[in-house]
Number of protein chains: 2
Amino acid sequence: MIRLILADDEELIRGALVTLLNLEPDIDVVASAGNGDDAVALARKHQPDVCILDLEMPPTDGIYAAEQIIRSVPTRVILVTRHARPGVLRRALANRVSGFVPKSTPADKLARVIRDVAAGRRYVDPDIAASALAGESCPLTSRELDVLRESRKSANIQTIAKSLQLAPGTVRNYVSSAMTKLDAGTRQEAAAAAWDQGWI
Amino acid sequence: MIRLILADDEELIRGALVTLLNLEPDIDVVASAGNGDDAVALARKHQPDVCILDLEMPPTDGIYAAEQIIRSVPTRVILVTRHARPGVLRRALANRVSGFVPKSTPADKLARVIRDVAAGRRYVDPDIAASALAGESCPLTSRELDVLRESRKSANIQTIAKSLQLAPGTVRNYVSSAMTKLDAGTRQEAAAAAWDQGWI
DNA sequence: CAGAAACCGTGACACTTGTCATGGTTCTAC
DNA sequence: GTAGAACCATGACAAGTGTCACGGTTTCTG
């Protein structure tokens, strides 16, 4: 019997997935959580074989919770996501996450993935893997990413400069460089492109 | 027995919800679909008592599918959403949608909502209703909304002007006016605020 | 250890965005 | 029928963005 915990911040989805997985004769959902912190606490308490975590989940994201769980519990983590961004896949695998599946996966396939992962194997959805491998690696420097990340929150160059403790001219240089690398017309467009790729 | 169809573009979620709802003794999920067009076709074929549609679903959104279904089938529609934007609620109710629930709803509550709606009652989640009523109505004119909507796709004023067949100066005036009404520092910020409110 | 890349900054300049005033036409509401 | 709002446009100007050249310092890699 594979003992499992499941975390998703949407109660309807969480309830539905718990019900569905409990129908599998060899899978037992021992607990479920609505946020990352509760998931970590429940993983520590129940020591499950597998943890299924939604990627978009407070307080930060599913990778954060996965990190905490993997660091302190001998379990395996599967991340489930709606928008599979290649850069996020790389961060997940770097954190020794064992499975990465999109929400477009059929339920019976998720069950098979759970069994494979419980048996010690790794699983990355082939479509996600293909686009991650085909996709360019991030061409932006660490500071260019910082500037774009901040650009998503702040309205103007002045505010971004203050947040990052840089001169406005420096911020403009980084913005311009990032825009050129991503072939974007505005810094908002560049930030959106970096977000879509999972780089920020 | 309440006959039901369910549509959600994420197969895992759709499978889980179908399984969960079929556990209710008085609910029978007769069909399910992965997009709006299929949902419309299945509603016409099965003439269900209730249709549950995810709001974020291709080709346009769940409201589009709801509209089509309500126009041609004597059924009742419940929309399920992850990000409940007040303006979207108003558009949904304007299209005679009978139920509007967020994905944070517990499953047993969704079952009760289905029964109420099947019995001819309407249901709007109280939290969503409260924020929709408390929230300001849209202060923007139709053309200001057009400009912001286009601003989400286009990088610059020139392109927006071409798309809407307006002079660039006119677009700048609408942008400026919208920014003032929404207290935004850039047109991108204004567009994001309008999107968050469900006005575009 | 040397060279390259990244980080950081300044300054000049071109281009774009945003503000504001002004005014004509059309539509809507009282 | 009239007044007000919305739509549309032009022009002038200020503010902000983005480009580019240049250069110093620090970090990284071979």
Side-chain angles (χ1 to χ4, degrees), chain A residues 87 90-91 94 135-200, chain B residues 87 90-91 94 135-200:
Chain A
R90 291 197 193 93
R91 280 168 55 215
E136 58 197 318
S137 56
C138 180
L140 303 173
T141 69
S142 172
R143 270 314 219 183
E144 286 166 351
L145 289 171
D146 286 343
V147 161
L148 293 186
R149 188 174 295 120
E150 202 59 40
S151 199
R152 286 177 60 90
K153 309 179 207 159
S154 307
N156 63 18
I157 294 291
Q158 198 70 26
T159 322
I160 295 170
K162 266 185 185 151
S163 295
L164 297 176
Q165 291 180 332
L166 295 172
T170 302
V171 171
R172 281 214 272 282
N173 285 330
Y174 287 139
V175 163
S176 185
S177 177
M179 282 167 60
T180 299
K181 287 176 180 175
L182 303 182
D183 196 30
T186 64
R187 63 183 163 75
Q188 288 89 355
E189 214 182 300
W195 169 259
D196 286 345
Q197 283 284 356
W199 296 331
I200 58 170
Chain B
R90 290 196 196 93
R91 280 169 56 214
E136 61 197 315
S137 56
C138 182
L140 304 173
T141 67
S142 171
R143 270 314 217 182
E144 285 166 352
L145 289 171
D146 287 342
V147 159
L148 293 186
R149 188 175 295 118
E150 202 57 42
S151 197
R152 284 175 63 91
K153 308 179 209 158
S154 307
N156 64 17
I157 294 292
Q158 198 71 26
T159 323
I160 295 170
K162 265 182 186 157
S163 295
L164 297 175
Q165 292 180 331
L166 294 171
T170 302
V171 171
R172 282 214 273 283
N173 285 332
Y174 288 138
V175 163
S176 185
S177 178
M179 281 168 62
T180 300
K181 288 174 178 175
L182 302 183
D183 196 31
T186 65
R187 62 184 164 77
Q188 289 90 354
E189 213 181 304
W195 168 259
D196 285 346
Q197 283 285 354
W199 296 331
I200 59 174

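Numbered from 1 within each chain, the chains take letters A, B, ... in sequence-line order. Only heavy atoms go into these numbers, but all of them, side chains included; no hydrogens, no water, no symmetry mates.
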First of A:Q188 and B:Q165 reached from the 5' end of DNA chain D, by closest nucleotide:
B:Q165
Between C1' of D:dC20 and OH of A:Y174, the distance in whole Å:
16 Å
Min side-chain heavy-atom separation B:Y174-B:S151 under 4.5 Å
no
Write down the atom of A:A192, the atom of A:R152, and the distance for their closest heavy-atom approach.
CA-NH1, 4.4 Å
Least distance between heavy atoms, A:S163 atom then A:E150 atom
OG-OE2, 3.2 Å
So for B:N173 and D:dT10, does any side-chain atom that can act as donor or acceptor lie under 3.5 Å from a complementary atom in the base?
yes
Would you tell me if any nitrogen or oxygen in the side chain of A:S142 comes within less than 4.0 Å of OP1 or OP2 on C:dA6?
no
Expressed as a whole number of angstroms, how long is the span from B:L140:CG to D:dC7:C1'?
15 Å
Flag, side chain of B:E144 to backbone of B:T141, donor-acceptor distance under 3.5 Å
yes
Could you check how far CG of A:L166 sits from P of C:dT10, rounded to whole Å?
11 Å
B:L182 CG to C:dG18 P, straight-line distance once rounded to whole Å:
13 Å
Nearest heavy atom decides the nucleotide; on that basis, is B:A167 or B:R172 closer to the 5' end of DNA chain D?
B:A167
Hey, what bend do you get for the helix from C:dC1-D:dG30 to C:dC30-D:dG1 if you fit axes on five pairs at each end, rounded to 10°?
60°
Whole-Å gap separating C1' (C:dT19) and NZ (B:K181)
16 Å
Just call it for A:T186: base, sugar-phosphate, or nothing, with non-hydrogen atoms closer than 4.0 Å on any strand.
sugar-phosphate
Can you measure A:N156 atom CG to C:dG18 atom C1' for me and round it to whole angstrom units?
13 Å
Which heavy-atom pair separates B:L148 from B:L182 by the least distance, and what is that distance?
CD1-CD1, 4.2 Å
Do A:N173 and A:T170 have side-chain atoms, one donor and one acceptor, less than 3.5 Å apart?
no
Expressed in angstrom and rounded to an integer, what is the separation of A:I157 atom CD1 from D:dT17 atom C1'?
7 Å
Could you check whether any side-chain heavy atom of B:N156 comes within less than 4.5 Å of a side-chain heavy atom of A:T186, counting everything from C-beta outward?
no
Tell me whether the OP1 or OP2 atom of C:dC7 has a side-chain N or O from A:T141 closer than 4.0 Å.
yes
Separation of A:R143 atom CZ from C:dA5 atom P, in whole Å?
21 Å
Counting only side-chain N and O atoms of A:T170, is one of them less than 4.0 Å from OP1 or OP2 of C:dG9?
yes
